[in-house]
Amino acid sequence: MKKGNFYITTPIYYPSGAPHMGHAYSSIIADVFARFKRNDNCNVYFLTGTDEHGLKIQKAAEKAGLDPLSYCNKLSKVFKDLSKKLNLSNDDFIRTTEKRHYNSVNDLWNKLVKSGDIYLSKYKGWYSVSDEAYYNLDEVIDKGGKKISTFSGSEVEWVEEESFFFKLSAWQKKLLSFYEKNEKFILPLSRRNEVINFVKSGLKDLSVSRTSFTWGIKTPNNSKHIIYVWLDALTNYLSALEYPNVEGKLYKDFWPASVHVIGKDILRFHAIYWPAFLLAAKIKPPLRVFGHGWILSGDEKMSKSKGNILNPLEIIDNYGIDEIRYYLMKEVSHGSDGNISLNSLEKCINSDLANNYGNLCQRVFSFINNNCNGIINKNKNLSDSDKKIINETKLLTKNLRDFMDNQNLNNYIKSVIDISFLTNKYINDEEPWKLKKNNIDKMNNILHVALEQIAKISILLNPIIPLASNKVLDALNIDPKSRNLYFLDGKKIIPDKAKIKPLDILFKKINS
Ligand code: MSP
């Protein structure tokens, strides 16, 4: 019996240039939660994809000398390839140029028209093509002769054109009461406060169509208008579930979404516009929006326009995908921004992966393979130190589900790596190699406890470093179907007579 349904999404990426570490970061976070929930026996649907309409993409295509669709076909593939390279376990990859998405956007638009939330008028104000966002007059400053958004730092341009508007102002009170009723709709809490303050300061109606360019989805009853790219893009989360077919299995199982993982720069769209559109269309809003911080490079957001990009593909080729996944998840504190560098990546690989988890596995496996023919029988009487490490591990695993349910990945990793550290210390203190001649029963118990510890740590690290942890679990002869979190409820993983296979080195230490 599955425990429940869990629908998790990444932002769909603008294929307006080569992917960078910020993109990789957003995707890996979502992948870790998806894998954790699968290991916890949930029915998981994990979505990623590309956001292909709007002026930003139209301009990128023009620059590349291609028509927009050919350009998107080419660039969307680059992001799809990246998802494989990042070892994402996504169930679907949606493109907003697909028919299923058009059906879904048209339906949502029609619902908003029908509910009386859309009206025709004229937009006069600032627009940032790079953010695909409208900014208020007080959000724009003059900098070096250019008009810049104080929110994002991107350049804005003055726009005056006929436009359909969404009556966002009418949703201000309803949104505030929605946030109040759903305390964990926005995490971390600091971001929730940011959003609530913004909404309290007053919401203006939102321009939801453009007439000065053509690359996008036309409004159903007026082909002069292109639907605002954010209304188009956000709907991808529904399109992938075959909306408007609300009687279909996918939609019934997975809507409302459990978590939209996003970066803090796109919080307004997900935490304000998106629930307002959905409430207006009488569709349940998602359960959670998790806004992570930015990856910084020398204190600045890493982005194409700033030219400070670390190329994920190059780094993966040089260091390995598990290594990058672990580093990004461990080092960058999830609520806030984090600076990354090759130097701290190497330090992290050495300290946590090579010297801690890798070393633990290697030393236990080599000893058992070299001295016990790969077989360890557990005996009855566990010593006080055996019991102590088992209990300490219980304590450290107590809050793990809770951490993951609240997207507190930093504390999760810290607890797991502490278990590995404690297990290394237990082996150092117990010195099983000294017991081979005189107390083989005690030695066997220590090694058996160590194997159980390694199995637990590997299952817990599995969502973060799937390749290495699966190598260890293979060498422990643990069936892929049994690599789940039942041990958190007291189930043993390793049989009393444990048979193991040889294990190759998991992580190479980096000498710099
Ligand atoms: N297309 C929109 C999302 C639409 S979702 C309905 C978009 N695309 S994006 O390609 O610009 O960004 C995708 C994700 O990458 C966002 O969550 C964004 O926050 C994240 N990152 C982009 N640069 C980043 C960093 N330097 N650091 C961390 N994440 C950042 O926005």
Side-chain angles (χ1 to χ4, degrees), residues 8-31 47-57 60 72 75-76 78-80 82-83 86 88 93-97 101 104-105 108 128-133 151-154 191 216 227-240 257 259-275 277-278 286 289-312 328-329 331-341 407:
I8 183 156
T9 66
T10 71
I12 48 171
Y13 300 96
Y14 289 126
S16 55
H20 58 71
M21 269 305 180
H23 300 131
Y25 180 60
S26 249
S27 300
I28 296 170
I29 295 179
D31 187 56
L47 176 71
T48 185
T50 41
D51 179 359
E52 305 182 14
H53 291 132
L55 198 48
K56 177 168 165 142
I57 300 297
C72 289
L75 265 287
S76 175
V78 174
F79 279 84
K80 204 170 188 176
L82 176 75
S83 64
L86 296 175
L88 302 187
F93 185 100
I94 191 156
R95 297 183 55 190
T96 54
T97 44
H101 180 66
S104 174
V105 173
L108 184 63
S128 156
V129 178
S130 143
D131 304 343
E132 294 284 22
F151 178 75
S152 66
S154 359
R191 303 235 187 283
I227 295 178
Y228 175 37
V229 64
W230 270 100
L231 173 49
D232 164 343
L234 287 159
T235 311
N236 90 90
Y237 302 132
L238 291 172
S239 319
V259 192
H260 292 319
V261 171
I262 56 154
K264 63 177 185 177
D265 48 328
I266 57 174
L267 190 61
R268 237 180 237 187
F269 306 98
H270 283 82
I272 302 174
Y273 303 168
W274 185 222
F277 296 151
L278 291 170
V289 172
F290 173 66
H292 63 71
W294 283 339
I295 302 259
L296 305 176
S297 172
D299 289 337
E300 277 204 317
K301 182 191 176 202
M302 189 176 292
S303 73
K304 195 176 132 226
S305 50
K306 298 208 166 78
N308 58 357
I309 292 173
L310 280 182
N311 179 347
L328 290 177
M329 297 304 102
E331 295 285 313
V332 185
S333 166
H334 278 241
S336 28
D337 299 341
N339 237 306
I340 59 168
S341 68
Q407 286 72 51

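One-based numbering, in listed order, for ligands and for the atoms of each.
- Taking both residues in full, the closest heavy atoms of Ser239 and Ile94 are given as CB-CD1, 3.6 Å, listed atom of the first, atom of the second, then distance.
- In the vicinity of Asp51, heavy-atom distances shorter than 4.0 Å reach the ligand 1 atoms 1 (N), 2 (C), 4 (C).
- On a distance-only criterion, Trp230 and ligand 1 share no N/O pair closer than 3.5 Å.
- Residue contacts with ligand 1 include His292, since one or more of its heavy atoms lies under 4.0 Å from the ligand.
- At a 4.0 Å cut-off, at least one heavy atom of His270 sits close enough to ligand 1 to count as contact.
- For ligand 1 and Ile266, the ligand atoms under 4.0 Å from any heavy atom of the residue are 3 (C), 16 (C), 17 (O), 31 (O).
- With sequence neighbours excluded, no residue forms a ring pair (Phe, Tyr, Trp, His ring centres under 6.0 Å) with His101.
- Evaluated for a side chain to side chain contact (heavy atoms under 4.5 Å, CB included) with Val289, the options Ile262, Ile272, Val259 yield exactly one hit, Ile262.
- Among residues two or more places apart in sequence or in another chain, the salt bridge (charged side-chain N to carboxylate O under 4.0 Å, His left out) test is passed with Asp51 by none.
- Residue Ile262 has at least one heavy-atom neighbour below 4.0 Å for each of these atoms of ligand 1: 17 (O).
- Tyr273 and Phe277 have tilted rings, their planes meeting at an angle from 30° to 60° on a 0 to 90° scale.
- Between His20, Glu132, Lys264, it is His20 that holds the heavy atom closest to atom 23 (N) of ligand 1.
- Contact atoms of ligand 1 toward Asp265: 18 (C), 19 (O) (distance under 4.0 Å to a heavy atom of the residue).
- Ring planes of Tyr237 and His270: tilted class, angle from 30 to 60°.
- Around atom 13 (C) of ligand 1, the closest heavy atom drawn from Tyr13, Phe79, Trp274, Tyr25 belongs to Tyr13.
- Close to ligand 1: Tyr237, with a non-hydrogen atom less than 4.0 angstrom away.
- Heavy-atom distances between Gly293 and ligand 1 reach below 4.0 Å in at least one pair.
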Glu52 vs Arg95, salt bridge (Lys or Arg N to Asp or Glu O under 4.0 Å): CA-CA, chis, key distance, verdict: CA-CA 7 Å; Glu52 305 182 14; Arg95 297 183 55 190; 2.7 Å; yes

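- Between Ile295 and ligand 1, an N or O atom pair is found at a separation short of 3.5 Å.
- When the heavy-atom distances from atom 4 (C) of ligand 1 to Ile12, Leu231, Thr235 are ranked, the shortest goes to Ile12.
- The ligand atoms of ligand 1 that sit less than 4.0 angstrom from a heavy atom of Ser26 are 14 (C), 15 (O), 17 (O), 20 (C).
- Considering both main-chain and side-chain atoms, Tyr14 comes within under 3.5 Å of ligand 1 through a nitrogen or oxygen pair.
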Trace of the side chain to side chain contact (heavy atoms under 4.5 Å, CB included) decision for Thr10 with Val261: CA-CA 5 Å; Thr10 71; Val261 171; 5.7 Å; no

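- Relative ring orientation between Trp230 and Tyr14 is described as perpendicular, the plane-to-plane angle rising above 60° on a 0-90° scale split at 30° and 60°.
- Below 30°, between 30° and 60°, or above 60°: for His23 and Tyr13 the angle between ring planes is above 60°, a perpendicular geometry.
- Here atom 25 (C) of ligand 1 lies nearest to Gly22 when heavy atoms of Ser16, Gly54, Gly22 are compared.
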